[in-house]
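Inspection log for the structure reproduced underneath, given as structure tokens.
The figures that follow rest on heavy atoms only: side chains count, while hydrogens, waters and symmetry mates do not.
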Amino acid sequence: MSDTNDTPQTEPVRDDEHMQWVSWLRAAAPYVHLHHGRTFVISFAGEVVADRTLLNHLVMDVSLIASMGVRVVLVHGSRPQIETLMELRKLQGRFHKGVRITGPQELECVKEACGETRFDIEAAFSQGLPNTPMQHSRVKVVSGNFVTARPMGVIDGVDYLHTGLVRKVDAESIRDLLSRGNIVLVSPTGFSPTGEAFNLTTEDVATAIAVAIHADKLILSVGVEGVRVKGELQQDLTAQRAQSLVDNKEVDDEDIFNLGFALRALKGGVDRAHIIPYALDGGILTELFTHDGVGTMVSTENMESLREATIDDVGALVKLLEPFEAEGILVKRPREKIEREISHFTVLEHDGILYGSAALYPYPEAGIGEMAAVAVHPDYQGAGDGDRLLRRIEQRARDAGLKRIFVLTTRTAHWFIKRGFEEASVESLPVEKQRMYNWHRRSKIFIKTL
């Protein structure tokens, strides 16, 4: 570079689109590290394969996450392909409780449809699309007879014939193929030890595989946005809450169907189950690499460790918050104030040790709430507990009918920005909070729309 002033100095152009991309990539980086080396089982409907655009998007996204070191098992559906073949052969589909009854003629359609569907998927993975994650990629997709099946039998007097259930999964073979960098593709069919073929439910196959290979995630890519309760999309559900929704029929039949498999996976040892819409371009990427995601995540949270505070927690809360208050990270709260406001607090506890906290102070007339007293003991930081507290506070706010939450912070602005908060002015706060604002402390204000 010239040392003289002859060369005009120009600032690099940083347009909004450029900075948005940079911000997204930086925000996604922790999830890239988190997912590296993990195993995901993804099921998707036959409608995805029938739509060339949806299929190409899926292939590009799966190829991308595989290139990041994620081990992927894909389980495809084939219902529309089966329906097309049955129409050509003038066969009438028979269903009971949403499950196809597969007779000998229907089974021939199933075999042909699954074969064609698998062929189309493998072909899509073989194309080198320019300017996409597929360019210069060497994606290897391997299929095989990994599933042993048994007949579903007779239920409510209805014989399901060649419709079956998963009996056993060849987990060792799948894990071996994954360890060698392959994407494993599985069709919703299975065979008995005597060679009899069965038509299986896509979600049943995906769930059984996820449990058998000890997958970290089961991702159900379905025809709905996620689980809705009274019209509201549920971003996060604990297994306990999901089971309650199913038992009490608080959700529709489609959600009950999807949650049934999600709960089965969690009970089998899978850490997380995600229900996301297949029609959303980039839905899998958004769910995996952003804080809020797009669908519904069901997790096995230990309800004894994440709970609402009681008066018995006051002493432990004071002890937890004191170091943060001494450093000026949190505003000092006298013991008497915590006692009066204990119902606002959510706490994290492990083996009787209270190690995390957050509080929600609602302003119902303004439709907003304040998230405050956010603290995780230094010995427990870095394990995602701050995110757990944030999700719980967000859920408490939604349950209270609030549309937004805000925080005041002097040290942790970046943490909140990465989680969807946007900087705001004092005038954005409820009037009551504006009067209480400490101009000497000059905390930054961030607001998030729920």
Side-chain angles (χ1 to χ4, degrees), residues 23 27 232-233 235-236 291-292 306-311 313-348 354 356-377 381 385-450:
S23 297
E232 291 289 329
L233 180 66
Q235 290 182 317
D236 300 283
H291 173 68
D292 290 329
L306 180 63
R307 59 177 176 79
E308 313 318 326
T310 69
I311 196 66
D313 297 314
V314 172
L317 267 172
V318 171
K319 186 176 180 180
L320 171 69
L321 299 177
E322 275 180 347
F324 296 94
E325 294 170 352
E327 290 186 40
I329 298 173
L330 296 179
V331 175
K332 184 170 178 57
R333 288 174 172 79
R335 184 187 182 99
E336 297 77 15
K337 181 177 176 64
I338 295 177
E339 287 179 353
R340 291 194 307 269
E341 300 175 348
I342 194 65
S343 62
H344 295 289
F345 281 81
T346 293
V347 295
L348 283 164
L354 195 151
S357 76
L360 175 68
Y361 295 92
Y363 295 85
E365 291 184 1
I368 196 170
E370 179 184 8
M371 182 179 180
V374 183
V376 176
H377 191 282
Q381 290 177 4
D385 290 314
D387 288 307
R388 294 177 63 196
L389 288 165
L390 174 58
R391 288 197 295 267
R392 175 58 71 88
I393 293 299
E394 288 177 351
Q395 189 58 54
R396 289 186 68 176
R398 292 189 189 96
D399 292 343
L402 306 179
K403 302 300 182 184
R404 297 177 299 159
I405 57 174
F406 71 88
V407 295
L408 275 66
T409 182
T410 58
R411 306 280 189 90
T412 55
H414 186 64
W415 191 89
F416 287 105
I417 291 172
K418 287 173 63 177
R419 285 151 181 84
F421 286 78
E422 296 182 354
E423 191 167 0
S425 65
V426 174
E427 290 72 26
S428 303
L429 299 176
V431 175
E432 182 181 349
K433 188 66 181 179
Q434 290 183 38
R435 296 179 185 140
M436 299 167 58
Y437 182 79
N438 187 334
W439 288 97
H440 177 72
R441 184 174 171 83
R442 299 190 66 84
S443 300
K444 290 190 175 183
I445 300 163
F446 295 92
I447 295 178
K448 180 177 183 179
T449 300
L450 302 176

**Asked** Restricting to pairs with a member in residues 408-422, which pass salt bridge (charged side-chain N to carboxylate O under 4.0 Å, His left out), not counting sequence neighbours?
**Response**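 Every salt bridge (charged side-chain N to carboxylate O under 4.0 Å, His left out) pair that includes a residue of residues 408-422, provided the two are not neighbours, is Asp387-Arg419.
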**Asked** Taking atom types as modelled, is there a side-chain donor on Arg307 or Thr346 under 3.5 Å from an acceptor on the other?
**Response**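 Their side chains do not contain a donor-acceptor pair, so the 3.5 Å distance test is not met.
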**Asked** Given Arg340 and Glu336, is the salt bridge (charged side-chain N to carboxylate O under 4.0 Å, His left out) satisfied, shown in steps?
**Response** CA-CA 6 Å; Arg340 291 194 307 269; Glu336 297 77 15; over 6 Å; no
**Test item: Ser443 and Thr410 side chains (from C-beta on) under 4.5 Å apart, heavy atoms** = yes
Judged by atom type as modelled, is there a donor-acceptor pair below 3.5 Å linking the side chain of [X] to the main-chain atoms of [Y]?
X      : Y      : result
Glu325 : Leu330 : no
Thr409 : Thr412 : yes
Glu370 : Tyr361 : no
Glu423 : Ile445 : no

Exceeds 12 heavy-atom contacts within 6.0 angstrom, atom [atom1] of [X]:
X      : atom1 : result
Lys433 : NZ    : yes
Glu232 : CD    : no
Arg441 : CZ    : yes

**Request:** May I ask you to say whether Asp385 pairs ionically with Arg388, meaning some side-chain N is under 4.0 Å from a carboxylate O?
**Result:**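 So Asp385 pairs with Arg388 through a salt bridge.
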